S.K.: 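A single structure is presented below for examination.
Hydrogens, waters and symmetry mates are skipped; everything else that's a heavy atom, side chains included, is used. When a ligand or atom number is given, it counts from 1 through the structure's own listing order. Along the sequence shown, residues are numbered consecutively beginning with 1. Quick caveat, the model's predicted, so the values are computed rather than measured.
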Amino acid sequence: MSRTVAAIATASGLGALGVIRISGDKAIEIADKVFFPFSGKKLAELKGYTAAYGEVKDGDTVLDDGVALVFRAPHSYTGEDTVEISLHGGAIILRDTLRLIFSSGAFSAEGGEFTKRAFLNGKTDLTRAESIMGLISAESDAQLRLSRAAHLGKTAEKLDKIIQSLTKADAAISVFSDYPDEDIEGLDRESFSKMLENAKKSLEIMLREYDAGKILREGVDTAIVGKPNVGKSSLMNMLSGAERSIVTDIAGTTRDVIEETVRVGDIVLRLADTAGIRDTGDTIESIGVNLARKRIDSAQLILAVFDASNPLSDEDLKLLASLKGKNVLIIINKTDLGSQLEREIFRDFKVVEISAKENKGTNELSQKINEICGTFGLSPDSAVLINERQRACAARALKAVREAYTAIMIGQTLDAVGICLDDALSALFELTGKRVTNEVADEIFKSFCVGK
Ligand code: GDP
């Protein structure tokens, strides 16, 4: 029998309502010691999913009036008997009620303990459980949709399919190794490799989408670069819709790296408006220029701005040379001023034409950024892995599947293939939580807030 725990489930601060959750074998018994329905009934007499209006009393002292909602195992979030008491959302009311609940026999819940219990009681797999923190902390629609897809079990479903096909291949390989001389239809090296092919592809897609999903969740470190006066500040203002950077005609006025975030479609860009990339004798400005160079090296995405109304200069060419092999979008600005710029030199890059001054080209800009980040075509509603732990497990599984695949191809013994498949399956079971050590589970749920 596990101990009964309680915690405040709502955020601290003023609120119309505050909820205290009690979960465990004695949840209803303990709630009956502190909460008294006006109907005169005990909560113990109520069926699951039933609410009672009443008051919380410490002896004869009324702490508050509110509603107690009874859940009966296994039909609750945790899978255990649970009572949720909704009171007025004042910090003192909730604190005093919680103390009363503790003195009536409940223990303080640890961070994530309710969700951990839900996981241990088989109410949720790990991918769903982990998505809950994402639901709570989402700061954009895309972040929320990614977490919701995992929460609805789409990730779990996809993983189940991979697990099923690997299990099937594993079983077939065992049969084949046990009866190597029998000619059983569908059991040969070619069909084994086909069985693995799908699992391999699905894992590859999941890992690729993880990177794109991560960008949707966390945003992308972006540097805007270009020689002075091409319109970097204006571009930044166009993206953010605000006059934040100083825009002037004098080359070299953007001296510092100014950080700010802007949303382009579903992606959050963490922008730094950098000083013009050029050799400069001016000490104050060279500080900015050095920072700009560093940003080029560390940025995940570079928006390189060029001026459509002027031919390419040596500075432009130098900049272009430093961008080889990076994630770059070439932005040809000032298209409203006509075209003096040779485009051929940009043929190996993704290019977009805009006028920051006239606010033209925003949609194309957004689409190209999505293409470069790999987020184009990634629906936030699709099944994606949502954290490094999950990614690491999937990567281990893929490595093992590839090894199994190679083992088949080069004609190694089927035992060797079987061992690789077992490795792949155990990585996937760790991912879903089917086979996970207590230490790992503890670590995962520790990052949750208390009351969740
Ligand atoms: P930065 O030095 O690269 O940050 O360039 P700024 O954003 O300060 O712009 C330099 C000058 O070019 C300013 O006078 C802007 O108004 C002007 N400018 C920027 N974008 C455009 C554009 O698309 N069209 C036109 N005609 N002028 C622009």
Side-chain angles (χ1 to χ4, degrees), residues 220-264 269-299 301-323 326-343 345-346 349-369:
V220 54
D221 254 321
T222 308
I224 299 182
V225 297
K227 69 181 178 190
N229 244 14
V230 288
K232 298 181 296 299
S233 309
S234 309
L235 167 68
M236 190 160 157
N237 291 339
M238 168 176 153
L239 289 171
S240 61
E243 290 281 322
R244 290 275 180 81
S245 320
I246 320 144
V247 181
T248 75
D249 276 335
I250 309 153
T253 40
T254 317
R255 288 170 185 270
D256 290 316
V257 174
I258 305 165
E259 296 257 9
E260 118 168 61
T261 60
V262 293
R263 188 182 311 289
V264 178
L269 304 184
R270 285 191 301 275
L271 285 179
D273 180 1
T274 55
I277 295 281
R278 62 169 192 170
D279 298 315
T280 170
D282 179 322
T283 32
I284 302 176
E285 183 164 294
S286 64
I287 297 170
V289 172
N290 284 338
L291 278 175
R293 291 233 166 88
K294 271 200 191 134
R295 284 289 294 188
I296 289 195
D297 288 337
S298 66
L301 172 69
I302 297 163
L303 304 180
V305 188
F306 295 86
D307 183 346
S309 65
N310 278 306
L312 278 177
S313 66
D314 284 349
E315 279 178 87
D316 287 328
L317 292 171
K318 254 197 213 169
L319 171 63
L320 206 55
S322 71
L323 297 176
K326 307 229 155 39
N327 256 345
V328 185
L329 176 59
I330 302 290
I331 297 178
I332 298 181
N333 186 34
K334 305 199 189 183
T335 49
D336 56 298
L337 291 183
S339 186
Q340 299 292 318
L341 192 73
E342 175 62 54
R343 310 296 209 260
I345 192 145
F346 301 121
F349 292 92
K350 281 210 190 299
V351 181
V352 65
E353 311 232 349
I354 66 161
S355 164
K357 190 167 190 177
E358 297 186 348
N359 217 7
K360 280 196 183 136
T362 14
N363 286 345
E364 292 80 358
L365 188 63
S366 159
Q367 181 173 332
K368 287 270 159 58
I369 289 174

S.K.: Ligand 1 and Ala356, any nitrogen or oxygen pair closer than 3.5 angstrom?
M.R.: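 Checking ligand 1 against Ala356, an N or O pair does fall under 3.5 Å apart.
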S.K.: Can you confirm, on distance only, whether ligand 1 has an N/O atom lying under 3.5 Å from any N/O atom belonging to Pro228?
M.R.: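 In this structure, Pro228 places no N or O atom under 3.5 Å from an N or O of ligand 1.
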S.K.: Would one find an N or O of Leu337, backbone or side chain, under 3.5 Å from an N or O of ligand 1?
M.R.: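 No.
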S.K.: Within the 4.0 Å heavy-atom shell around Lys232, which atoms of ligand 1 are there?
M.R.: 1 (P), 2 (O), 3 (O), 4 (O), 5 (O), 7 (O)
S.K.: Just one of Leu239, Val225, Val352, Ile330 clears the side chain to side chain contact (heavy atoms under 4.5 Å, CB included) bar with Leu303, so which one?
M.R.: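 Answer after filtering Leu239, Val225, Val352, Ile330: Leu239.
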S.K.: Between ligand 1 and Thr335, is the shortest N or O to N or O distance under 3.5 Å?
M.R.: no
S.K.: Heavy atom under 4.0 Å from ligand 1: found in Asn229's side chain, backbone, both, or neither?
M.R.: both
S.K.: Mark up the atoms of ligand 1 that fall under 4.0 Å of a heavy atom belonging to Asp336, in ascending order.
M.R.: 22 (C), 23 (O), 24 (N), 25 (C), 26 (N)
S.K.: In terms of side-chain geometry, is the basic nitrogen of Asp316 or Lys227 positioned less than 4.0 Å from the acidic oxygen of its partner?
M.R.: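 Looking at Lys227 together with Asp316, the answer is yes, because their closest N to O distance falls below 4.0 Å.
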S.K.: Of all heavy-atom pairs between Ala356 and Asn333, which one has the smallest distance, and what is that distance?
M.R.: N-OD1, 2.8 Å
S.K.: Counting from 1, what ligand 1 atoms have a heavy atom of Ser234 closer than 4.0 Å?
M.R.: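 Every atom of ligand 1 under 4.0 Å from some heavy atom of Ser234: 6 (P), 7 (O), 9 (O), 15 (C), 19 (C), 20 (N).
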S.K.: Say whether, by atom type as modelled, one donor and one acceptor occur between the side chain of Lys334 and the main chain of Asp307 under 3.5 angstrom.
M.R.: no
S.K.: Applying side-chain contact (heavy atoms from CB on, under 4.5 Å), can you list everything that pairs with Ser339, at least two apart in sequence or on another chain?
M.R.: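 Result, side-chain contact (heavy atoms from CB on, under 4.5 Å) vs Ser339: Arg343.
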S.K.: Which pairs of donor and acceptor atoms, one on a side chain in residues 361-369, lie under 3.5 Å apart (sequence neighbours left out)?
M.R.:
residue	atom	partner	partner atom	Å
Gln367	NE2	Glu371	OE2	3.4
Lys368	NZ	Val351	O	3.1

